[in-house]
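Residues: numbered from 1 along the sequence shown.
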Amino acid sequence: MSRTMSFIRRIAVCTMCLCLLSVFGGCGGQQDAKRSSSAKDSWSSTLRQKAEESGVDPYVASVFKDGKISDAELNDVSERMSQCLAKQNITFKRNVDGSAKMLNDSSMDNAVVQQHISECGDSTGYDMIDMYYQEIRSNPQHLSDAEFRKAIFACLKRADIINKKMAYEEFDDLFTDNIGKKSQGDNSETAWDKQFKQYEDASDPRYTDSNGAKWQACMTDPTHN
């Protein structure tokens, strides 16, 4: 899974707590209220509360119960994911930057591969644990969704990816329109694609490694870049 696709997956799908890093607010204002930046609403308390929710996988609960996710715990769940996918002849490797590399027989149907990845991610607890691990790293201050997406906008401006004259509202509207269409299966080129595809898609002829790295850094960790 590419880093761009990993990011889109995390922000476009709102079936897990915190909207799978829904930095552009796909699940509405209630998430902003739940994730307000305050000492009382720390990541530690968020994880502990999640561990106590009914229906949470026992393995995930055992990781979350102390209010933190250690590197060792992430490595353990990554190994669980690897073993699960190995049974389907898919090689899984998690990279240091949080992206994941999947290798499989080219004869395997892509839809089947994606189904196996989804099933293993859910059954092993990998998706849930990795999602929180990545969000805690990229948003240690526990910023609200609105604050976090504004941080991304500011980071992209500092990196000279976004025109200095562009207002945040325009940027947010472009993203909302793009993700809305893509989530409904409309893959036609959007205004977002015209402006930003050159930074997020390595197959675009305008793409450069330098700008791609800046884009990735701001999208995944805006407060540190």
> Identify whether NZ of Lys or CZ of Arg in Lys150 sits under 6.0 Å from the centre of the six-membered ring of Tyr168 and within 45° of that ring's axis.
yes
> Quick one: does Met102's side chain get under 4.5 Å of Val113's, heavy atoms only?
no
> Under 4.5 Å between side-chain heavy atoms, counting indirect links through other Ile/Leu/Val/Met/Phe/Trp/Tyr residues: same cluster for Ile179 and Phe148 or not?
yes
> Hey, are the side chains of Leu47 and Ile69 touching, using non-hydrogen atoms and a 4.5 Å cut-off?
yes
> Does Asp186 have any side chain to side chain contact (heavy atoms under 4.5 Å, CB included) partners at least two apart in sequence or in another chain, and if so, which?
Lys181, Ser188
> Drop me the distance from His116's NE2 to Met108's CE, to the nearest 0.5 angstrom.
5.0 Å
> Is the closest side-chain heavy-atom distance between Glu79 and Asn75 below 4.5 Å?
no
> Counting only heavy atoms from other residues, nucleotides and ligands, does the tally under 6.0 Å from NZ of Lys165 exceed 12?
no
> For the residue pair Tyr199 and Trp215, does the interplanar ring angle fall in the parallel (under 30°), tilted (30 to 60°) or perpendicular (over 60°) class?
parallel
> Can you check whether Asn139's main-chain N or O pairs, donor with acceptor, with Trp43's side chain at less than 3.5 Å?
yes
> Can you label the angle between the Phe92 ring and the Tyr126 ring as parallel, tilted or perpendicular, going by 30° and 60°?
perpendicular
> If you count heavy atoms of other groups shown closer than 6.0 angstrom to NZ of Lys157, is the number above 12?
yes
> Quick check: do Asp71 and Tyr133 have side-chain heavy atoms less than 4.5 Å from each other?
yes
> Does Lys68 have more than 12 heavy atoms from other residues, nucleotides or ligands lying within 6.0 Å of its NZ?
no
> Are any of the side-chain heavy atoms of Thr223 and Leu143 separated by less than 4.5 Å?
yes
> Just to verify, what does Gln195 make a side chain to side chain contact (heavy atoms under 4.5 Å, CB included) with, not counting sequence neighbours?
Met166, Glu170, Leu174
> Hey, are the side chains of Phe175 and Phe153 touching, using non-hydrogen atoms and a 4.5 Å cut-off?
no
> Using side-chain heavy atoms (C-beta onward) and a distance below 4.5 Å, is Leu74 in contact with Arg94?
yes
> Does any non-hydrogen side-chain atom of Thr46 lie less than 4.5 Å from one of Phe64?
no
> Ignoring hydrogens and angles, tell me if any N or O in the side chain of Asp193 forms a donor-acceptor pair with the backbone of Thr190 under 3.5 Å.
yes
